[in-house]
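Working notes for the structure below.
Remember, it's a predicted structure, so these values are computed and weren't measured experimentally. Labels below follow one simple rule: chain letters A, B, ... track the order of the sequence lines, proteins then strands, and each chain is numbered from 1.
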Amino acid sequence: MEFKIEKKATSSQARAGEITTDHGKITTPIFMPVGTAATVKGVFHRDLINEVKADIILGNTYHLYLRPGLDILHEAGGLHKFSSWDKPILTDSGGFQVFSLAEQRKITEEGCRFSSHIDGSKHMFTPENVIDTQRIIGADIMMAFDECPPGTSERSYASKSLDLTHRWLERCFQQYHKTEPLYGYYQSLFPIVQGCVYDDLRAKSANFVKQFDADGYAIGGLAVGEPAEEMYAMIEVVNAILPEDKPRYLMGVGTPINILEGIDRGVDMFDCVMPTRNGRNGMLFTWNGVINIRNNKWAHDFSPIDENSDCFVDRTYSKAYLRHLAISNEMLAAQIASIHNLAFYLQLVREARVHILDNTFKEWKENLIAILGKRL
RNA sequence: UCCUCCUUAGCUCAGUUGGUUAGAGCACCUGACUGUUAAUCAGGGGGUCUUAGGUUCAAGUCCUAAAGGAGGAG
């Protein structure tokens, strides 16, 4: 994998670049739609490519391991072939699920024991088998197995957890170097910086992960309940330490404003369920602000969903129509909202890239943030 | 004409032997959602309990009549 920075902004840490993988190029900054269970919920690949213009999507190790299972994924020749997606894929390691399925987990030095939310069966994730699993899935970018402690964690717990995540990271890389890709194309492994909201732990973690000479570096454990300002402060601490010439991935973030603030602080890659999940629940992100399409106020508004978007759902459907579909629980509402929101997120990062390249990012960002935060 | 049974929120219905400010689901209105266990979750508004009398310390609950509805007998 290759990363080339085309332009660094002058009054900002923002960068415009390009990642090259065996499944194609990714222009940065980039937003990656989340496709947990081998599908970006409700969106055809055709629309992801032509309308959303996604360069890369996510899959999830935890979910894919449980269903369809490794034998089927292996037999299919990996997730790309299984799902007929031939652009890049990044898989999360299941570390976040260790955190979000807190009631059923048992974390030990060895790894994490958990029971399936599907059938209650018992399983164990270790740094080693999580790498093996991601080899079978065949992600272009694999993620290290980490623990993602709650944003409200005490320092003592955050510190203990961080040390465990670091020991797991060493084992992830050992397994990574001991194994080969199964399907003939290269796979990267990104380490993950943790440390909750503690500057020194974040710095320690950034310095630790740096030694692994990875193709890219991730910042995890943010946007998990802490104030946005604390998240931004942590990004600054970490990005001051991470290598400049490698992509930086802020995991699970976030709102359009979070993304602009992240780009401003030198983040290159983002993913978040927000455009799809919130879209299914009636929330639309537009260039004029945020809409709850279920609100009564849109019932008679026959204007386009977003007149500043060139995505086909915006050219085709009105707010009043989409509201009707959403209120009626029609599945098309979820599809339209998901495509619209994803297209908006991708337009947002492409637009950011343009403004980085022509050196107008900072003022563009400041003006836009005031608009994007509005509730319409 | 007679007999029986219904009538409680916009809709469909709960409501114990009469006993606090009458509930639910759906609908409506509004929130939440950040490496997806989520087409999910939470909150809110809304009722002269068909009407008129009566019994009782107390009536959605009991009695009488009327109105509207369902079924049955002629």
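Between H340(A) and Y317(A), the distance from one ring center to the other does not fall under 6.0 angstrom. Aromatic rings of Y62(A) and F114(A) (six-membered ring for Trp) have centroids within the 6.0 Å cut-off, being under it. Taking the six-membered ring where the residue is Trp, the centroids of Y185(A) and H80(A) are separated by under 6.0 Å.
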Using a cutoff of under 3.5 Å, can you pull out all pairs of nitrogen or oxygen atoms linking the protein to nucleotides 40-43 of chain B, with atom names and distances?
| unit_1 | atom_1 | unit_2 | atom_2 | d |
| --- | --- | --- | --- | --- |
| U40(B) | N3 | N281(A) | OD1 | 3.4 |
| U40(B) | O4 | N281(A) | OD1 | 3.2 |

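Between the P atoms of C6(B) and C63(B), the separation comes to 11 Å (whole Å). Distance noted for atom C1' between U21(B) and C49(B): 15 Å (whole Å). The separation of A22(B) from U4(B), taken at their C1' atoms, amounts to 28 Å, rounded to a whole angstrom. Taking atom P in both A14(B) and U8(B), the straight-line distance is 10 Å, to the nearest Å. Remark: the separation of the C1' atoms in U64(B) and A24(B) is 33 Å, to the nearest Å.
Across all strands shown, the partner of U1(B) is A73(B), judged by Watson-Crick or G-U wobble contacts whose two distances both fall under 3.5 Å. G68(B) is paired with C6(B) under the Watson-Crick or G-U wobble criterion, all donor-acceptor distances under 3.5 Å. Across every strand in view, C62(B) sits in a pair with G54(B) that passes the Watson-Crick or G-U test at under 3.5 angstrom. Under the Watson-Crick or G-U wobble criterion, with both distances below 3.5 Å, C29(B) is paired with G43(B).
At a non-hydrogen distance threshold of 4.0 Å, D146(A), C148(A) from residues 125-157 of chain A come into contact with RNA chain B. Within residues 230-246 of chain A, no residue has any heavy atom under 4.0 Å from RNA chain B. For RNA chain B, the neighbouring residues in residues 28-44 of chain A, judged by any heavy atom under 4.0 Å, are V34(A), T36(A), K41(A). Remark: I192(A), Q194(A) in residues 190-203 of chain A come within less than 4.0 Å of RNA chain B through at least one heavy atom.
Remark: the D146(A) side chain and the T165(A) side chain contain no N/O donor-acceptor pair separated by less than 3.5 Å.
The shortest distance between the side-chain N/O atoms of R323(A) and the OP1/OP2 oxygens of C29(B) is below 4.0 Å.
Side chains of K41(A) and S338(A) form no contact here, defined as non-hydrogen atoms less than 4.5 Å apart.
Judged as a side chain to side chain contact (heavy atoms under 4.5 Å, CB included), and not counting sequence neighbours, the contacts of T10(A) are N359(A).
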Yes or no on salt bridge (Lys or Arg N to Asp or Glu O under 4.0 Å) for K362(A) and D264(A), after CA distance, side-chain angles and deciding distance? CA-CA 8 Å; K362(A) 200 78 176 183; D264(A) 192 19; 2.9 Å; yes
